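Nothing here was measured: the structure is a model prediction, and the numbers come from that model.
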Amino acid sequence: MPREKMADKRQRAIVIENRMSEHYPDPECALVYGGDVFRLTIAVMLSAQTTDVAVNKVTPTLWQRYPTIADLAQADPNDVADIISSIGFYRNKSKNAIGIAQMVLADFGGEIPRDIDELQKLPGVGRKTANVVLNEGFGIVEGIAVDTHVNRIAHKLKLVPKDDDPKKTEIALLKLYPRQYWRHINHQWVLFGRQICIARRPKCAECFLADLCPSCER
């Protein structure tokens with residue numbers, strides 16, 4: 001297959017996203033957080049390498065036991081670990097959850113910061129989590145949240161160079177897509193990855209992007 005010119009790739013990328021918007025016009029965050037940005041931050045941190053469904057099963061008990069930031073800041077790590085023990089890396093995430101609460105109180109006046117660099121100072125919060133919190137919690141679009149689904153699909157569609165580094169994937173996607181497209185990409189592509197472009201058994205025969213995907217097994 002001849003190498004795709006950047007102009008052609010950009011045009012294909014925009015067609016891809018337009019079709020995504022047709023199929024997922026109002027994508028929503030799958031994590032349940034009740035509109036509280038602090039709880040959103042904790043939930044997104046907990047969701048790393050774990051499904052949103054699994055996180056939604058443990059957070060109600062976590063919020064019931066520790067309803068405020070101050071409560072969580074004073075929590076026993078072992079107790080938090082017990083509550084979230086059904087998700088991956090629960091011991092480290094327990095420490096991070098408490099650490100986030102403590103830092104938010106000590107360094108940010110009890111409020112989640114609205115800055116992507118400040119957010120990444122919080123324990124366990126990387127650029128992906130920061131992007132989701134800004135986008136979902138504050139309506140601030142600084143970039144594209146690249147999680148496992150987005151990273152995999154970007155490579156499946158051959159929109160980015162061969163590299164598994166999420167940071168490089170984000171940079172490549174930001175170059176392809178005009179800013180007005182950034183906001184919904186994460187939620188749309190996550191839905192697409194769960195419903196159609198499934199990692200182990202992609203439904204290429206049913207895929208609405210089949211004609212635009214060089215990897216399609218149709």
Side-chain angles (χ1 to χ4, degrees), residues 26-150 166-167 170-171 174 179-180 182-188 190:
D26 299 302
E28 296 181 354
C29 180
L31 295 167
V32 178
Y33 62 97
D36 185 308
V37 181
F38 175 75
R39 291 185 177 185
L40 170 65
T41 305
I42 297 295
V44 180
M45 181 276 293
L46 293 178
S47 72
Q49 296 180 289
T50 301
T51 66
D52 292 343
V53 172
V55 173
N56 288 337
K57 288 180 180 178
V58 301
T59 48
T61 302
L62 184 64
W63 308 144
Q64 183 178 29
R65 189 79 59 86
Y66 304 104
T68 70
I69 300 175
D71 291 329
L72 187 57
Q74 300 175 46
D76 180 342
N78 291 323
D79 185 49
V80 174
D82 285 343
I83 293 171
I84 66 171
S85 61
S86 61
I87 67 175
F89 305 98
Y90 66 94
R91 295 193 186 280
N92 283 336
K93 290 177 180 179
S94 168
K95 295 175 183 177
N96 287 338
I98 295 169
I100 288 172
Q102 292 173 342
M103 184 174 286
V104 167
L105 290 175
D107 297 348
F108 299 110
E111 300 286 339
I112 293 293
R114 300 184 178 216
D115 178 87
I116 197 163
D117 294 322
E118 294 292 288
L119 273 167
Q120 290 179 83
K121 294 178 182 178
L122 299 174
V125 174
R127 186 172 175 88
K128 184 270 289 188
T129 297
N131 268 320
V132 173
V133 171
L134 286 177
N135 191 339
E136 179 71 20
F138 298 116
I140 298 172
V141 182
E142 290 289 333
I144 296 171
V146 177
D147 58 11
T148 302
H149 286 291
V150 174
K167 291 181 180 179
E170 183 185 8
I171 291 170
L174 294 179
R179 195 179 188 92
Q180 67 263 29
W182 297 357
R183 181 164 194 170
H184 296 305
I185 284 178
N186 179 266
H187 292 337
Q188 288 172 336
V190 167

With a 4.5 Å cut-off on side-chain heavy atoms, are I42 and L62 touching?
yes
To the nearest 0.5 Å, what is the distance between CG (L105) and CD1 (I100)?
12.0 Å
In Å, rounded to the nearest 0.5 Å, how long is the span from CD1 of I140 to CZ of R114?
5.5 Å
Could you pull out the closest heavy-atom pair between V37 and G137, with the gap in Å?
CG2-O, 3.8 Å
Measuring only between side-chain heavy atoms, which start at C-beta, is L122 closer than 4.5 Å to F108?
yes
So which atom in A130 and which in V125 form the shortest heavy-atom distance, rounded to 0.1 Å?
N-CG1, 4.0 Å
Carefully, step by step, assess K167 and E170 under the rule salt bridge (charged side-chain N to carboxylate O under 4.0 Å, His left out).
CA-CA 5 Å; K167 291 181 180 179; E170 183 185 8; over 6 Å; no
In Å, rounded to the nearest 0.5 Å, how long is the span from CG of L46 to CG of D52?
10.5 Å
Which atom pair, heavy atoms only, marks the closest approach of S86 to V58?
OG-CG1, 3.3 Å
Below 4.5 Å, heavy atoms only, C-beta onward: do N131 and N186 meet side chain to side chain?
no
Can you name the nearest heavy-atom pair linking E142 to R179, along with the distance?
CA-NH2, 4.1 Å
Could you give the distance from NE2 (H187) to CZ (R183), rounded to the nearest 0.5 Å?
8.5 Å
Neighbour count >12 (heavy atoms, 6.0 Å) for atom CD, E28:
no
Answer yes or no: does atom CD of Q120 have more than 12 heavy-atom neighbours from other residues, nucleotides or ligands under 6.0 Å?
yes
Note: A101 and A73 closest approach over all heavy atoms is CB-N, 3.6 Å
Could you state the interatomic distance from CG (N78) to CZ (R91), rounded to the nearest 0.5 Å?
7.0 Å
Side chains of K93 and T50 in contact at under 4.5 Å (non-hydrogen atoms)
yes
Taking side chain as C-beta onward, heavy atoms only, is P123 less than 4.5 Å from K95?
no
Within this structure, what is the CD1-NZ distance for the pair I87 and K57, rounded to the nearest 0.5 Å?
12.5 Å
Side chains of Y33 and T59: does their closest heavy-atom pair fall under 4.5 Å?
no
Test item: N135 side-chain N/O and W182 main-chain N/O as donor-acceptor pair under 3.5 Å
no
F138, CZ: over 12 other non-hydrogen atoms inside 6.0 angstrom
yes
E118 and P113: which non-hydrogen atoms are nearest, and at how many Å?
CB-CB, 3.7 Å
With a 4.5 Å cut-off on side-chain heavy atoms, are Y66 and D79 touching?
yes
Applying side-chain contact (heavy atoms from CB on, under 4.5 Å) to L72 and V80, what does each step give before you reach the verdict?
CA-CA 9 Å; L72 187 57; V80 174; 4.2 Å; yes
Check whether any side-chain heavy atom of K128 sits under 4.5 Å from a side-chain heavy atom of V44, and report yes or no.
yes
Under the side-chain contact (heavy atoms from CB on, under 4.5 Å) rule, what do T129 and L119 come out as? Steps first, then yes or no, please.
CA-CA 9 Å; T129 297; L119 273 167; over 6 Å; no
Do side-chain atoms of S94 reach the backbone of Y90 as a donor and acceptor pair under 3.5 angstrom?
no
